[in-house]
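All remarks here apply to the structure that follows.
Computed from a predicted model, the values in this text were never measured in an experiment. In the text below, chain A, chain B and the rest are named by the order of the sequence lines, each starting its count at 1.
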2 protein chains.
Amino acid sequence: MRNRNTTEGLRHHNRALVLQSLRRIGPSSHTEIAEVSALASGTVSVITAELFEEGALLKQEQPPSKGRGRPRVLLTLNPEFARLAFIHIISGEVEYSLINYNNVLLDRFKVLRHGSETDAAAFGTQVRRDLFRLAERSGLAPHDIAHISIATKGLVGGGGTKLMWSPVFGDSQIDFQALLRPDWAGKVTVNNETCFSAHAKLEEAGRFARHHAVLSLGDSIGLGIASRDRNGQTTYQAPPFGHMLHMPDGPLCRCGVQGCIEAYSGFYGILRSAFDAPADHIPAKFIPKDQMDQLASKARQGDQMIRFAFRQAADVLAMGLSRLMTIHGPMPVTIAGPGLSYFDLMEEQFKMHLEKNLRIRVSHMPQISIETNERRLIFASNTKVSLAAFDGDCVATRLVDRPKSA
Amino acid sequence: MRNRNTTEGLRHHNRALVLQSLRRIGPSSHTEIAEVSALASGTVSVITAELFEEGALLKQEQPPSKGRGRPRVLLTLNPEFARLAFIHIISGEVEYSLINYNNVLLDRFKVLRHGSETDAAAFGTQVRRDLFRLAERSGLAPHDIAHISIATKGLVGGGGTKLMWSPVFGDSQIDFQALLRPDWAGKVTVNNETCFSAHAKLEEAGRFARHHAVLSLGDSIGLGIASRDRNGQTTYQAPPFGHMLHMPDGPLCRCGVQGCIEAYSGFYGILRSAFDAPADHIPAKFIPKDQMDQLASKARQGDQMIRFAFRQAADVLAMGLSRLMTIHGPMPVTIAGPGLSYFDLMEEQFKMHLEKNLRIRVSHMPQISIETNERRLIFASNTKVSLAAFDGDCVATRLVDRPKSA
DNA sequence: AGCCTTTTTTTCGAGACTCGAATTGACTTG
DNA sequence: CAAGTCAATTCGAGTCTCGAAAAAAAGGCT
């Protein structure tokens, strides 16, 4: 929004409002948009006409009419108006997706990664190559892609453009914006994947939910928090929860210090304490899921040592959540990730620790739920967020010339 | 702001902008306001004329003119336009203050509290009585007071109107809004005092500072965090940091659970470990400052046991800050409160724990500073925040009738 | 003293935007 | 095929901002 205090700024705001309504309620008539956006019908008329002129909207044939009167003309977002690319960096693979302006998946492929690949620069050039392939496969030039949004594990910084630290590349930072700038005209953003999970869950929870956290369990620990501020705007963050201090001089973490939450509750942490391995020994970067499953089934059969390892993992996570809620207040938490399979071994610890928390005692016990398909959630939310950003930044800005008086 | 998407909403926004500029730069001419607010001079002219009409502004005689040309007319906020009341609840006393619309102190008095007074209802009626006295002393009726803002220790909730938990009244909540509603027409807000300290420090740090925390040490531990969001708006919060979990099964805290930060680092926690008292024994609600001073001087003279108690207090605080910064990112911290006198015994622990933090490792070590006059800070910031809220909520809303065409 | 210069403030016309009533359009029903 | 119904557009009135032009209020100059 360029100039907030001028009438043009007002129009910008209202154009954004129209687009936003259209995304939320899908193809809809004039009247519906006016209702949802709380704009006068005349205003909606002018704005939609502009957007149609600019190519952002299409008028859709009305569905077989029901009832009498003039049938409604459905307005939809023009799929051809723009394309957005998405990269999801997962442990074993990188997923590339392309969508159109109306949020329909156009193309998708995955590139496997060698477990040994920890060279950030090499990874960067690989990503550039694969992104070119994504564009080419749909016959697009780089400048046809309006926005590239990357979801990854790890700590993101630099205003949402840099990967500052990650379990795979460690301190080797990757500045994706700089990496892609030379060829790709669109905006480039990077976010921790759990930001998107949390965002999706908050939206799901309805317009009055204020916060939601998603805790993703696996080789490493991810946490995303989505919040709605008092203007109704949603913000999100993904603090490196797995590397929050649990206890000084605790077991060694992959990040190099002792006593991080992950060192207790990441897969390798659980494995280590299950076998009573030395606390400064880090087993492996990735623990096969099979191995963890076997461990869990022994715990379920009553193996005390292993049972203890899972319970300790849960204790530490729960205390971390308690500390988080001391700062942010109680909020619902959704558990996700491969470690979710072992949630039955950990569930009761959560309640136990949380109910001691002062803020929870004076208000309420937050709901703890689970989510089995986090990946779907991440993609769905990433597209939503990116499209909304593109709408607000670009589409809402007036393009066509105003009708001259002549 | 009532309706964001109409031209009247725009005017509301710009009126607020003018008032805000005037508060920031003090009595200023037309031209200056136009520069600071980035509004066209004509617009400022109309808005200031309106505000003058409504009584919010005064035109001030120009100072002895220097240079030629038409002398500037200084505009100032009309002191008589409104009065705001402030209540600061401190351990031993309650301070009542009254200011005018131009932020000048009109009246102030203190009411001593008996240390034994822990009855929330009685306290409530006492506050009402004293507030009446504040109004009367200046010949005001209750409805002349536009806003009442309360600063206190403890956990505030209910949208900034309720004291949810406090060291003095424990779980006996006080809903100040409900308490004062019958007689007092103005808005009533309650905030933790350290919110205001943090707010003041953030403002001090300049327009580009994003976060600031104030840690207040004493019988209890207070923490305020102020943040600037991407729109430049400042928000603040005061999580009950003293009751964040440090370690399970740790020493008993006044709040009833074990292992809170305060149980290690509040005055009573330090005292307890200095004398190796049982960890479930809580010495007293208020420890005389003398006693703590004596303790500290023994520590400085080399008493190992006492020295350990202070260092442990610092360790626990520092780890708490580290956990906080894992969530919010590194931010400068200011230490304040009576416990500041012992900061020399604790300083090095802070750096030691913080530098292990992942987010600090990948970005920077935050500055740690001290503030000896927190009370002044709290009041100054409280008045600023409350006046700004009053401006935005009330004054910016158009009052005078528009000139009718007739 | 009277006129010119300089600087500030106000005024005013043009352009933009929203609102809501009135009008136009399109389709169903009788 | 006319009347009825509902949707979308148009249009006039009312607001608002902007910026140029005019007015106001000094000091300086002759």
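Applying the side-chain hydrogen bond (donor to acceptor under 3.5 Å, both in side chains) rule to pairs touching residues 17-27 of chain A yields A:Arg23-A:Asp391, sequence neighbours excluded. Sequence neighbours left out, the pairs with a member in residues 27-44 of chain B that pass salt bridge (charged side-chain N to carboxylate O under 4.0 Å, His left out) are B:Glu32-B:Arg72.
Look at CZ on A:Phe52: it is 15 Å from C1' on D:dT9, rounded to the nearest Å. Distance, A:His13 NE2 to C:dT18 C1': 13 Å, rounded to whole Å. Atom pair A:Leu39:CG and C:dG20:C1' shows a separation of 13 Å (rounding to whole Å applied). Computed from coordinates, the A:Arg11 CZ to C:dG15 C1' distance equals 13 Å when rounded to whole Å. Rounding to whole angstrom units, CG of residue B:Leu17 and P of D:dC16 are separated by 15 Å. Remark: P of C:dC17 and CG of B:Leu10 are 11 Å apart, rounded to the nearest angstrom. Whole-Å rounding puts the A:Arg15 CZ to C:dT18 C1' distance at 15 Å. Protein atom CD1 of A:Ile47 is 15 Å distant from nucleotide atom P of D:dT10, rounded to whole Å.
Every residue two or more places apart in sequence or in another chain was checked for a side chain to side chain donor-acceptor pair (under 3.5 Å) with B:Ser28, and none qualifies. Residues that satisfy the side chain to side chain donor-acceptor pair (under 3.5 Å) test with B:Asn14, not counting sequence neighbours, are absent from this structure. Partners of A:Asp229 according to the side chain to side chain donor-acceptor pair (under 3.5 Å) rule, which considers only residues two or more places apart in sequence or in another chain, do not exist here. Residues passing the side chain to side chain donor-acceptor pair (under 3.5 Å) test with B:Arg11 are B:Glu50, sequence neighbours excluded.
No hydrogens or angles considered: nothing links the side chains of A:His199 and A:Thr234 as a donor-acceptor pair under 3.5 Å.
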Base-contact (B) and sugar-phosphate-only (S) positions in nucleotides 3-11 of chain C, heavy-atom cut-off under 4.0 Å, - elsewhere: --BBBBSBB
Under 3.5 Å, side-chain donor or acceptor atoms of residues 36-44 of chain A against the rest of the protein: list the pairs with distances, not counting sequence neighbours.
from	atom 1	to	atom 2	distance (Å)
A:Ser37	OG	A:Ile33	O	2.7
A:Ser37	OG	A:Leu39	N	3.4

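Using five terminal pairs a side, the axes of the helix from C:dA1-D:dT30 to C:dG30-D:dC1 at its two ends make an angle of 40°, given in steps of 10 degrees.
Note on A:Arg398: a side-chain N or O is less than 4.0 Å away from OP1 or OP2 of C:dC17. A sub-4.0 Å separation between OP1 or OP2 of D:dT17 and a side-chain N or O of B:Asn14 is present.
The aromatic rings of B:His328 and B:His211 sit tilted relative to each other, their planes meeting at an angle between 30° and 60°.
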